[in-house]
Amino acid sequence: MDRDFRMLIDGELVDGATTFDVIDPATGAAFARCPKADAALIDRAVAAAKRAFPAWSATPIEERAALVSKLADALETRAGEFANLLTSEQGKPLDQAMYEVMGSVFTLRAFAAMRIEPKTLREEGGNTIIEHRTPLGVVAAITPWNFPIILLMNKLGPALVTGNCMVAKPAPTTPLTSLLFGELCGEILPRGVVNIVCDQNDLGDLLTSHPDVDKVAFTGSTATGKKVMASAATGVKRVTLELGGNDAAIVLDDLDARQVARKVYGGAMANAGQICVAIKRAYVPAPMYDDFCDELALLAKEAVVDDGSKQGTTVGPIQNKMQFEKVKALLDDARTRGTILAGGTALDRPGYFIPPTIVRDLDDDAPLVREEQFGPVLPVLKYTDIDDVIRRANDSDYGLGGTVWGKDVARATDVAMRIDSGTVWVNQYLAIDANIPFRGAKQSGLGGELGEAGLHEYTQAHIVNAVAFADA
Ligand code: NAD
């Protein structure tokens with residue numbers, strides 16, 4: 001790629017201490033270089049955010065929101081460029097990349113329109129108690145590689161509107177769209193309000209334990225989330241953790257097996273299955289099981305698995321080699337325990353391609369059922385009793401999302417009420433909206449993002465309790 005990328009620190013685009021390769025997952029070859037920070041550059045970025053905070057937090061919210069809207073406009077104007085870069089670094093097909101970029105624009109605009117009004121808690125007998133919400137200070141935003149740009153916006157939008165400053169650190173395998181967005185921030189925002197730094201999975205801990213970071217907004221795996229929480233504990237920092245999931249789809253017996261299979265397929269295979277709330281295991285009534293599995297296999301075989309930048313591609317590569325190896329190991333194990341109806345082996349070509357794979361006849365304790373596969377591989381399990389299948393769906397340390405499918409919506413909703421997850425969708429999947437709170441139950445997260453509740457997460461209560469001066 002014939003352009004350079006720089007980090008944004010204190011309003012300036014700066015080189016790293018070193019650089020590293022960014023790999024195109026469709027070829028397995030390097031296509032760009034990324035600047036890498038060191039401890040001194042992380043310190044500089046945090047110091048810049050800290051310096052910017054007093055003026056930014058004192059700026060009227062209407063002005064801050066107007067600048068966030070301006071960022072949305074600038075992103076929309078260059079959406080094509082962002083989508084192409086996203087496909088190159090992440091692998092997803094171009095139409096899905098464009099969807100992510102436009103979703104990012106929508107998210108910024110949604111937050112620019114949100115306000116938290118002071119809340120009068122008491123006004124009686126000369127006593128006025130008002131709850132104000134004040135910003136926290138410097139937010140470290142740490143993001144993963146599956147949705148690099150929109151997951152940054154989920155943090156940046158609410159953080160900036162509420163008056164915080166930010167140091168953002170993207171995942172090392174997908175840093176470029178964040179750096180490109182940093183260029184927009186450099187043009188539009190006062191210096192230091194947003195800083196973007198890169199690492200190779202080695203500087204996150206410096207950020208989360210930094211004494212001048214007040215909040216950590218983290219999206220990533222549950223294993224790393226635990227480390228983030230431990231590290232943030234030293235400063236009693238605020239944390240929000242958006243972590244892993246192993247979402248179950250429960251199909252009820254009043255639907256046509258093949259019709260519902262088509263919907264479930266979409267929820268499992270979008271973004272090559274690399275979605276925290278992808279359908280990661282499907283439970284189907286015994287009489288529908290064979291037809292459901294066969295229809296999924298048909299769809300899997302029809303998929304166009306190729307470079308995401310090629311017109312017509314429906315499933316792109318796995319984003320990085322480590323994840324590719326992990327999915328392959330799960331497949332090797334599943335092959336010995338169940339029946340693979342479609343896919344099952346990596347494509348014999350450069351890049352990290354695994355075709356959509358449907359596995360049936362696995363036990364509940366198979367690793368592909370218990371673990372988060374994060375790839376285009378769906379295990380399908382049989383059930384005969386609704387109470388038992390709800391127990392099986394809930395038998396997981398995760399509790400991020402889930403779906404229930406049924407013609408009788410009231411009955412499906414009753415089942416959804418019994419799934420122990422932050423969000424359960426009925427007859428739809430992935431209906432995430434910047435205006436609706438999103439958060440994980442159990443080990444899928446702590447606190448959350450989006451909606452007004454997500455805005456609150458970037459503030460603290462400031463209670464002012466006043467009475468008239470009493471003459472002694
Ligand atoms: P990861 O945990 O490996 O990495 C996430 C980020 O944390 C990266 O930027 C990484 O550099 C950084 N990091 C690594 N070590 C760190 C440390 N010790 N301290 C601080 N930061 C550190 O996750 P990933 O593999 O990039 O992403 C996939 C995971 O993210 C999946 O489990 C997926 O379910 C989850 N995810 C969750 C949500 C959600 O909203 N709940 C959304 C998307 C992805």
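Atoms within each ligand, like the ligands themselves, are counted from 1 in listed order. The analysis underlying the following values was restricted to heavy atoms, covering all of them including side chains, and did not include hydrogens, waters or symmetry mates.
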- Between Leu203, Thr224, Thr222, Asp205, which one has a non-hydrogen atom sitting closest to atom 15 (N) of ligand 1? Thr224
- Note on the structure: Which of Thr173, Asn84, Thr174, Thr177 passes side-chain hydrogen bond (donor to acceptor under 3.5 Å, both in side chains) with Glu89? It is Thr177
- Identity of the nearest option to atom 10 (C) of ligand 1, non-hydrogen atoms only, from Thr173, Thr143, Asn201: Asn201
- Check whether any side-chain heavy atom of Glu372 sits under 4.5 Å from a side-chain heavy atom of Asp247, and report yes or no. no
- Return yes or no for this condition: an N or O of Lys169 is under 3.5 Å from an N or O of ligand 1. yes
- Under 3.5 Å between some N or O of ligand 1 and some N or O of Phe438? no
- Query: Has Pro172 got any heavy atom lying under 4.0 angstrom from an atom of ligand 1?
  - Reply: yes
- Considering only heavy atoms from C-beta outward, does the side chain of Leu136 approach that of Thr459 to under 4.5 Å? no
- Nitrogen or oxygen atoms of Ser221 and ligand 1 under 3.5 Å apart: yes
- Message: Taking a cutoff of less than 4.0 Å between a non-hydrogen atom of the residue and any ligand atom, is Phe374 in contact with ligand 1?
- Response: yes
- Which segment of Val277 sits under 4.0 Å of ligand 1 when only heavy atoms are counted: neither
- Message: Contact between ligand 1 and Pro170 is defined here as a heavy atom of the residue under 4.0 Å from a ligand atom; is it met?
- Response: yes
- Note: heavy atom closest to atom 32 (O) of ligand 1, options Arg439, Met322, Glu372, belongs to Glu372
- Heavy atoms only: which of Pro144, Cys276, Gly220 is nearest to atom 35 (C) of ligand 1? Gly220
- Is atom 26 (O) of ligand 1 less than 4.0 angstrom from at least one protein heavy atom? yes
- Identified side-chain hydrogen bond (donor to acceptor under 3.5 Å, both in side chains) partner of Lys155 from the options Thr219, Thr143, Asn164: Thr219
- Message: Below the 3.5 angstrom mark, is there an N/O of Asn146, backbone or side chain, next to an N/O of ligand 1?
- Response: no
- Query: Hey, do the aromatic rings of Phe374 and Trp145 have their centres closer than 6.0 Å?
  - Reply: yes
- Query: Sequence neighbours excluded, which residues qualify as salt bridge (charged side-chain N to carboxylate O under 4.0 Å, His left out) partners of Lys237?
  - Reply: none
- Message: Tell me whether the rings of Phe82 and Phe181 are parallel (<30°), tilted (30 to 60°) or perpendicular (>60°).
- Response: perpendicular
- Query: ligand 1 and Trp145, any nitrogen or oxygen pair closer than 3.5 angstrom?
  - Reply: yes
- Query: Which pairs, with at least one residue in residues 32-49 and sequence neighbours excluded, count as a salt bridge (charged side-chain N to carboxylate O under 4.0 Å, His left out)?
  - Reply: Asp21-Arg33, Lys36-Asp202
- Query: Among Glu449, Glu457, Glu242, whose side-chain hydrogen bond (donor to acceptor under 3.5 Å, both in side chains) with Arg439 holds?
  - Reply: Glu457
